[in-house]
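Below, chains carry the letters A, B, ... as their sequence lines are ordered, and counting in each starts from 1. Keep in mind that this is a model prediction, so the values were computed, not measured.
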Number of protein chains: 2
Amino acid sequence: MKITYRGDYALKAVLDLALHYNQGVVTIHDLAERADVPVKFLEQVLLDLKKGGFVNSRRGINGGYLLARHPKDIKLGEVIRFIDGPVEPIACIEKGYAGCKSVYSCVIRQVCKEVAEATSGIIDNITFQDLVNRTGGAKRELVYSI
Amino acid sequence: MKITYRGDYALKAVLDLALHYNQGVVTIHDLAERADVPVKFLEQVLLDLKKGGFVNSRRGINGGYLLARHPKDIKLGEVIRFIDGPVEPIACIEKGYAGCKSVYSCVIRQVCKEVAEATSGIIDNITFQDLVNRTGGAKRELVYSI
DNA sequence: CATATTCTCCATTAACATAGTAGAGTATAT
DNA sequence: ATATACTCTACTATGTTAATGGAGAATATG
């Protein structure tokens, strides 16, 4: 698995929206500022996320973005795959093994498959609600540690 | 983790040399043919592998490549990291978290860390001897199935 | 020693992906 | 009417990856 900046920004944006779930919309400006990313770049990412059915938006004054589904119904793996593609280490798995003529490749592919399954086992079993809970814990710690 | 063609070719070459361990040298031509990769490209990869201490070489007639260490002493993860870099999904982990100002990023990094650890748990616990054994199993099956 | 063979090294190219920018346009609350 | 905020398309710059080409150096063999 490789997470690009694009993917990283997408995850941060969805997490931010999850943290503000049921609290109205969030402007792209706020999202960009909190994630410390370029507004115009995040714009593209959010547009993609909208096409992917992860977020909705409202235009005009008081407009902004909001999650299209409940945070508990969005798995981390969904967003990662949607933005950054398959989690498999592609060089050995791509195109359903069709292009691979090497007699030794099967054992390497086997390992790649193991890695992909381990990765999926993690990112497909964590929802954004889980991340919100983790962040909430961190926030509480911050509050009480002052 | 992302394995490039370069990395894939490196793994195949090392595996091939592991399969011919203690059987003298193997020419780049043979390695390239069996792995079905361009000779000149594999050349560069083998040169890197030599610099990394994975293989040795002999020039001239009867020259070729051979493993620098016993297959049981070369872990898959070593080669992957040497050729393709860190297995961490770098966008979120790079540069020791220094550049990451987002307040939400820690939970995403945490997941990335989990993925990286799961990946390491696999590739750092498989040696090329293990791969040889797996390949040998496949070969035996082939023989007996005819 | 001459020669074929094989690795060594450096330079270059082409293709592609990624990150980021620019600007005109559309919807909407007030 | 207007300011605000999303929408959409296009573009640029940069870097990485894959692959090629060619000259040079080492070595076994006759």
Side-chain angles (χ1 to χ4, degrees), chain A residues 1-13 17 24-33 35-52 54-68 80 83-86 89-92 94-95 99-100, chain B residues 1-13 17 24-33 35-52 54-68 80 82-86 89-92 94-95 99:
Chain A
M1 179 176 69
K2 189 197 164 197
I3 296 180
T4 62
Y5 277 82
R6 196 179 189 82
D8 192 29
Y9 297 171
L11 295 177
K12 285 174 182 166
L17 293 177
V25 300
V26 182
T27 68
I28 198 172
H29 179 268
D30 286 353
L31 290 172
E33 193 173 59
D36 191 42
V37 304
V39 174
K40 293 296 283 182
F41 194 14
L42 186 58
E43 203 180 88
Q44 294 178 358
V45 177
L46 283 166
L47 234 40
D48 278 350
L49 287 172
K50 193 183 174 185
K51 282 173 194 156
F54 297 103
V55 309
N56 284 327
S57 61
R58 289 190 201 145
R59 298 218 265 196
I61 292 177
N62 300 332
Y65 290 90
L66 68 167
L67 280 197
I80 291 174
I83 300 292
D84 282 331
I90 51 170
C92 41
E94 68 185 357
K95 293 175 188 170
C100 205
Chain B
M1 178 175 71
K2 190 195 162 196
I3 296 180
T4 61
Y5 277 82
R6 197 179 189 82
D8 193 28
Y9 297 170
L11 294 177
K12 284 174 182 166
L17 293 177
V25 300
V26 181
T27 66
I28 198 171
H29 180 267
D30 286 353
L31 289 172
E33 193 173 60
D36 191 43
V37 305
V39 174
K40 293 296 283 182
F41 193 14
L42 186 59
E43 204 180 87
Q44 294 178 1
V45 177
L46 283 167
L47 233 41
D48 278 351
L49 287 172
K50 191 183 176 186
K51 283 172 193 158
F54 297 103
V55 308
N56 285 326
S57 61
R58 289 190 201 144
R59 298 217 266 197
I61 291 178
N62 300 332
Y65 290 90
L66 68 165
L67 279 198
I80 291 174
F82 181 72
I83 300 292
D84 282 331
I90 53 169
C92 41
E94 70 184 356
K95 292 175 188 170

Study note, to complete from the structure: Between B:Gln44 and A:Pro38, whichever has its closest DNA chain C nucleotide further toward 5' is B:Gln44
Review point. Between A:Ile61 and A:Lys2, which is nearer to the 5' end of DNA chain C once each is assigned its nearest nucleotide?
Key: A:Lys2
Review point. Where the side chain of B:Thr4 is defined as all heavy atoms beyond and including C-beta, which of D:dC6, D:dA18, D:dT27 is the nearest nucleotide?
Key: D:dA18
Rounded distance (Å) that lies between atom [atom2] of [N] and atom [atom1] of [X]:
| X | N | atom1 | atom2 | answer |
| --- | --- | --- | --- | --- |
| A:Asp30 | D:dC6 | CG | P | 9 Å |
| A:Glu33 | D:dA5 | CD | C1' | 16 Å |
| A:Arg59 | D:dT2 | CZ | C1' | 16 Å |
| B:Arg58 | D:dA28 | CZ | P | 9 Å |
| B:Asp8 | D:dA18 | CG | P | 9 Å |
| B:Asn56 | D:dA26 | CG | P | 17 Å |

[atom1]/[X] to [atom2]/[Y] distance, rounded to the nearest 0.5 angstrom?
| X | Y | atom1 | atom2 | answer |
| --- | --- | --- | --- | --- |
| B:Lys2 | A:Ile3 | NZ | CD1 | 14.0 Å |
| B:Leu11 | B:Arg6 | CG | CZ | 12.5 Å |
| B:Lys50 | B:Asp48 | NZ | CG | 12.0 Å |

Review point. Can you check whether B:Tyr5 has a side-chain N or O nearer than 4.0 Å to OP1 or OP2 of D:dT16?
Key: no
Point to revise | B:Tyr9 side-chain N/O to D:dA18 phosphate OP1/OP2 under 4.0 Å | key: no
Check your understanding: Which part of the nucleic acid, if any, lies within contact of B:Leu46, taking any heavy atom under 4.0 Å across all strands shown: a base, the sugar-phosphate backbone alone, or nothing?
Key -> nothing
Check your understanding: Want to settle it: does B:Lys40 or A:Lys50 sit nearer the 5' end of DNA chain D, counting the closest nucleotide to each?
Key -> A:Lys50
Review point. Quick one: which of A:Asp36, A:Leu46, A:Val37, A:Thr4 gives a side chain to side chain contact (heavy atoms under 4.5 Å, CB included) with A:Tyr9?
Key: A:Val37
Revision key, fill the gap. Which of A:Leu17, A:Thr27, A:Asn56 passes side chain to side chain contact (heavy atoms under 4.5 Å, CB included) with A:Tyr65? Answer is A:Leu17
Point to revise | First and last nucleotide of DNA chain C, 5' to 3', lying under 4.0 Å from heavy atoms of chain B | key: C:dA4 to C:dA11
Check your understanding: Which atom names give the shortest non-hydrogen contact between A:Ala13 and A:Leu42, and what distance separates them?
Key -> CB-CD1, 4.2 Å
Exercise for review: Please test B:Leu49 against B:Ile83 for side-chain contact (heavy atoms from CB on, under 4.5 Å), starting from the C-alpha separation and ending with a verdict.
Suggested key: CA-CA 8 Å; B:Leu49 287 172; B:Ile83 300 292; 4.1 Å; yes
